[in-house]
Structures are given as C-alpha cells and as structure tokens.
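We're numbering straight along the sequence, starting at 1.
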Amino acid sequence: MSKKKYSQATALSFLRPHLFKVFLAPTLKVIECITELAVPFLVRAVIDQGLTEPLPGTDYGAHYGDQGFVFSLVGLIFAFALVGFSCTMCSQYLAARVSTDYAYELKKNLYAKIARSSAATLDQFGKGKTLNLLTADAYSLQVGVQLFMRLMVRAPFLVLGSVLAAFLIHPYAGIAILSALLLCALVIFVVLRLTPSRYAALSRELDAISAFGDGATGGGRVLRAFNKQESELSAFQEESGKYCRMAVGIQKINAFINPLTFAFVNLAVVAILYLGSFAYPRTGLSIGSIVALVSFLTQSLAALLQFTRLVTSMSKAFASKGRLDAFLTFEEPIQEGTLEGKGKEGTHLFEFKGVALSFGGERNAIEGIDLTLDEGESIGIIGGTGSGKSTILSLLERFYDPTEGEILYRGVNLKEWKFAAFRDQIALVSQKPQIFEGTLRDNLLLSNPGASQEAIDAAIEDSLCGEYFPHYSDGLDHPVEEGGANLSGGQKQRLLLARALLSARPILVLDDATSALDYKSDLLVRRNIKKRGNLTTILVSQRATSIKDCDRIYVLDAGAIVGVGKHEELLSSCPVYREIYEAQVQAR
C-alpha cells in the first residue's frame, strides 16, 4: 500500500470491499424477524380458532375440529421456521466471514504500518500500545463488525415489531409491553453513556501493563544489575490493581442491565396475565392472545439482551477504533526522500555536522556530534552505558532524524535520499540477537538467499562459526529455536556475524557484536574482517581492545564526543579513554 493510502486509511477503510455483504446480512435478519413476528399470530389462530370450543357472540372456535385448518397453519409455522432458519444461517455465515476477512486485512495493514514506522513514532505511541492495537483493539473491532451485522438491525426491529404486534392484539397489552421496553431502553442508555470513556481508559491501562511486561523481559539484565526487582514488581502490582479496579467498575455498571431488564419485562408479563384473567368479551384477551403476547415479550427480551451485548461490544469497538485511527492516520515524521545514485564526488561517505538528538526530555541524548566515515575506513565508537553509541547508529540508518545539525550521505543531506539507497549498503549486527526459529541455514540466508556455498563457507570461517557448526550431525540444517534459545551467547553472535558477512554489503556496523566472545575470538574475528579488505567498518564497543586497531576512534561521554584519534593518541590525550582502557587491561 502506498504512503498516501496509509495516511488516508482508517480502521474501517478495510471494510469497504465487504460493504455489500455487510448490508446483505442485516437484510436477511429483517426477513428472519418478520417470520419470527408472524409465528405468534399463527399460534394464536391455531389456539383460538382451531383448538378452542366455540363461544357465542365471538369468533373463537370458528374452525374448532377442523383438522385441515390446524394442520395448514402448523405447516405454515414450519415453513416460516425454515425460512427464518435459512436466513439466520446465511447471515451468521456472512457476519463470521466478513468480520474475519476484515480483521485479517486490518491486522495485515496495521502490521505493515508498524513495520514502516520510524523508531520515533513507535517511541511516541509506546511499544505496549502498538502491541495492543494489533491484538486487543483489532479483535474488538472484529467482534464489533460481526455483532453489527448480526444484531444492529435484528434487535431494534424485533423489539419495535413486538410492540406494534402487541398493540394490534390489545392496546392495554401494547402499553404494558411498551412501558417495560422503554424502561429497559433507559437502563441501556445510561450504561451506554457511562461505559465508552471507561473502556478507553481501560485500554490505556492495558498499554501501561504491557509496557511493564516488555520491560521485565527485555530489560531484565539491567533490572537485576541495579536491584530494581522489588520496585518494578511493586509498580506492576499497582498498575495491575488499578486496571482490575477499573475493569470491575465497568462490570458493575453492566451488571445492572440484566436484573433490571428482566424485572421490567416480568412486570409486563404480570400485567398481561392480569388482563387475561377477565372474561374474553370484556378484555378481548384470549388464551391464544396471552400466549402470543408472552411470546412477543420473550422475543423482545431476548432482543434487548442481545442489544445490551451489542452496546457493550460497540462501546469497546468505538474506543478501539479511535485508538487505531490515531495510529493509522498519524503522519510519519520521517519521510522518505527521492534521491538515489552516487551523490557528490569527493565527499565523505557519511558525515555528522553538529548533530544533536532529543527524545523529549530536558536535555539532549547526544549533542554536538561531529563525525566522518570514508569508504574502506574503520572507525571505533566507545563509551559507557547511556553515552549515546547506539543512538548514533540509529541516526546513521535514519531511524530518527536529528533535532539539531545534519547528517550527510555522499555529500547530500540524508533526508533527501531514498531509504534503500543507504540502508541497503549497511549490514548491522546489533546488541540484541535477531535470530528466528528454523535452521542455521535459514538464519544465515536471510541476508542473501541466493548466496553460493563458497560465500557461505567463507562467512562461516571468518565469523568463527566453524568452531561449533561441524559439531552438529545435521550441520547447517541443525534446528534453531525462536530467539536462538538453544544457542549460547557467543554462538548467537557468531551466527549474526556470519549473516552480516554473507550479505556482502560494503558497510559493516558492529554494535557490541562481539561482547559475548572471549578476547582471543574477538581478535580473530576482527582480523578476519580486516582481511576482507573491501569493507567500511564501524565498531561500537565498550571494550577498548576491540577498537584499538581502528583508523579513528570516537570517545563518547554523557552524549558528547570527548576524544577523537588513534589508540595511542587517545591514551595520552583523553582521560576517559585511558581510564576505560586501563580498567579493562587490569581486569584481564
């Protein structure tokens, strides 16, 4: 789907191809309702005219003893039942099929939107919220569409039809039924007024809980390092308790619906039976009329209960629609440029000029970054946790745009380039292993599906995967669990390095990609990469020994560059670098 379509799409846009079926299902429901409303009249005629003894001065028992009359009406009842059942099955199938197809399209496009969104957009919405958009909110709309097709017309039509039919039988009975249904409608209206905003607030609380869960799994090591388990658990319990209280409060409001509607309908039944206790000529309520009226009440009560379910589901669906629309129509702040080609001659491959980035806090995450990268060059970036190393890489691949300064690619502002023009040149091995369920071969070939066996063997050798791959009897066809759960940390990193080398992209970015390797293996991998000779390399590490052979090293501290130069130069000119190096050498 094009970006223009994305900007115009809303949650219900994906329902347009199904509009005919969306309105066909309620039409079938109308036919079903007509058959349901006709049956009590036929039952009334069978009882009052075919099964009741004649009463002088009335038409009761006009066909008493006429079996042909009775069986013809019974046959008509069965025919109406068959028509109603057929319409019901068709409409139910249409509702299920359309809602499922709609949810599939919605989730597919929503997932594509998430995949196309920049890191800045996902940070703004929150990862927990985007996960809920894809699951809970999309499901709420699916249920809402299904119930709309099944009940939106059926419930009101059946209620109004029952009231009209009751008036046709007897005015007083019609008033009794109308009064009961109006009181029920008042209850539903009050619930409808109170619940939508509460459902929206409940969804926001679910987003907060999801964020806690993501932090507990993704940031577990950091939490353990700083002994934050108890405070995180306490915060999670507080959010969960808040969510529980809000959910219980909504259910308490909804809990008033059933007892009150049953009470009002039963009062109407009492009124009908009271009217029917008088003699026929006086009130006109025969046994057949009472049976028909109770049947209408039963139908209207069932329709009202269905309508309350519809109201609840539609409240959730409207709240979810608002959240989905806000995401789907959100204008992506990082827009793709149009330039592709070779750029300007005689310029740096990448150049940062006075770059700063803020995530919305009081101070910038990084500030005053001046950095250059030339083809065939290797640069190192070192600094403590939170110094801004990974942030620079995110800017390099334009996951974020700088709030100050500019980034040039081949002499042209990065904003003017197509994403593929520079991203396709970069092979990134990040801190977090991106390993998928399948086999070792599957994970290797993700970067280059058409790679030759010779290229695969070279990547395996240079990444030192050859030290453990041959130990498997099934070789590259050895199964890998999701996330590489059956691999050690060092095995995961070597596999990722092999994948990056196999991609044959000219720029190799290693973001703490050898942190799980021992110092000797780290050195061998770097030597193998250097022997390739055709790579522009960016090494990001907290190990000084991993970057000391780079052509140029940038030292970061608190989001700023505090030193630039070669290893020997920085030992004498940059206290931060010297402190890091000496601490690590002594630790060894």
Side-chain angles (χ1 to χ4, degrees), residues 3 6-7 112-131 211 214-215 218-219 326-327 330-340 343 348-373 379 381-432 434 505 507-513 538-540 554 556-561:
K3 280 194 280 187
Y6 267 111
S7 64
K113 170 76 172 179
I114 293 173
R116 291 168 61 94
S117 296
S118 64
T121 298
L122 296 181
D123 287 344
Q124 178 173 340
F125 278 89
K127 294 180 181 178
K129 181 175 180 178
T130 52
L131 178 63
D214 181 68
F327 182 74
F330 181 77
E331 194 67 32
E332 177 62 48
I334 298 181
Q335 295 292 329
E336 185 174 16
T338 58
L339 185 63
E340 55 182 342
H348 297 292
L349 184 62
F350 277 99
E351 184 177 6
F352 284 60
K353 289 185 174 182
V355 169
L357 177 65
S358 171
F359 293 109
E362 295 181 0
R363 58 185 296 272
N364 293 328
I366 59 172
E367 192 167 20
I369 302 297
D370 292 305
L371 179 152
T372 60
L373 175 66
I379 66 170
I381 302 175
I382 191 170
T385 301
S387 59
K389 303 186 299 296
S390 296
T391 302
I392 289 177
L393 297 186
S394 296
L395 288 166
L396 188 76
E397 296 208 66
R398 211 181 164 213
F399 296 145
Y400 298 95
D401 275 340
T403 49
E404 297 176 23
E406 62 177 350
I407 302 172
L408 306 180
Y409 175 65
R410 299 188 182 278
V412 181
N413 194 304
L414 201 60
K415 296 179 181 179
E416 299 182 26
W417 289 88
K418 283 191 171 183
F419 292 144
F422 57 91
R423 288 179 180 172
D424 286 355
Q425 305 300 307
I426 301 172
L428 170 67
V429 183
S430 67
Q431 303 176 51
K432 298 179 180 178
Q434 302 297 326
R505 295 184 177 185
I507 304 173
L508 178 63
V509 178
L510 305 181
D511 185 5
D512 260 343
I538 302 176
L539 295 172
V540 176
Y554 292 87
L556 293 178
D557 186 44
I561 295 176

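- Atom CG in L371 sits 8.5 Å away from atom CG in L396 (nearest 0.5 Å).
- Side-chain N or O atoms of D511 include none that pairs as donor or acceptor with a backbone N or O of V429 at under 3.5 Å.
- Scanning for side-chain contact (heavy atoms from CB on, under 4.5 Å) contacts around L508 gives A427, A500, L501, L510, I529, L535, with sequence neighbours left out.
- The two residues I561 and Y554 make their nearest non-hydrogen contact at CD1-CD2, 3.8 Å.
- In this structure a side-chain-to-backbone donor-acceptor pair under 3.5 Å is missing from K389 to L556.
- If you take CG on L349 and CG on L373, they are separated by 5.0 Å, rounding to the nearest 0.5 Å.
- In terms of the side-chain contact (heavy atoms from CB on, under 4.5 Å) criterion, residue partners of E351 (sequence neighbours excluded) are, by chain and number, H348, K353, T372, L408.
- The side chain to side chain donor-acceptor pair (under 3.5 Å) test applied to S430 returns no partner, not counting sequence neighbours.
- Taking all atoms of both residues into account, the shortest heavy-atom contact from R505 to R423 is NH1-O, 3.4 Å.
- When all heavy atoms are compared, the tightest approach of F419 to E336 is N-OE2, 3.1 Å.
- Between L393 atom CG and I381 atom CD1 the span is 5.5 Å, to the nearest 0.5 Å.
- Applying the salt bridge (Lys or Arg N to Asp or Glu O under 4.0 Å) test to residues at least two apart or on different chains, the pairs with a partner in residues 393-408 are R398-D401.
- By the ring-ring contact (aromatic ring centres under 6.0 Å, His included) test, F350 pairs with Y409, sequence neighbours left out.
- Note: I382 CD1 to D557 CG = 11.5 Å, rounded to the nearest 0.5 Å.
- Of the inter-residue distances, the one linking D370 atom CG with F352 atom CZ reads 10.5 Å to the nearest 0.5 angstrom.
- Minimum heavy-atom separation, S358 to T403: N-OG1, 3.3 Å.
- Between T391 atom OG1 and F359 atom CZ the span is 4.5 Å, to the nearest 0.5 Å.
- Between S117 and E332, the shortest heavy-atom contact is CA-OE1, 3.4 Å.
- Listed by chain and number, the residues in a ring-ring contact (aromatic ring centres under 6.0 Å, His included) with F327 are F125 (sequence neighbours excluded).
- In plain terms, the two heavy atoms of N364 and A356 that are nearest each other are ND2-CB, 3.8 Å.
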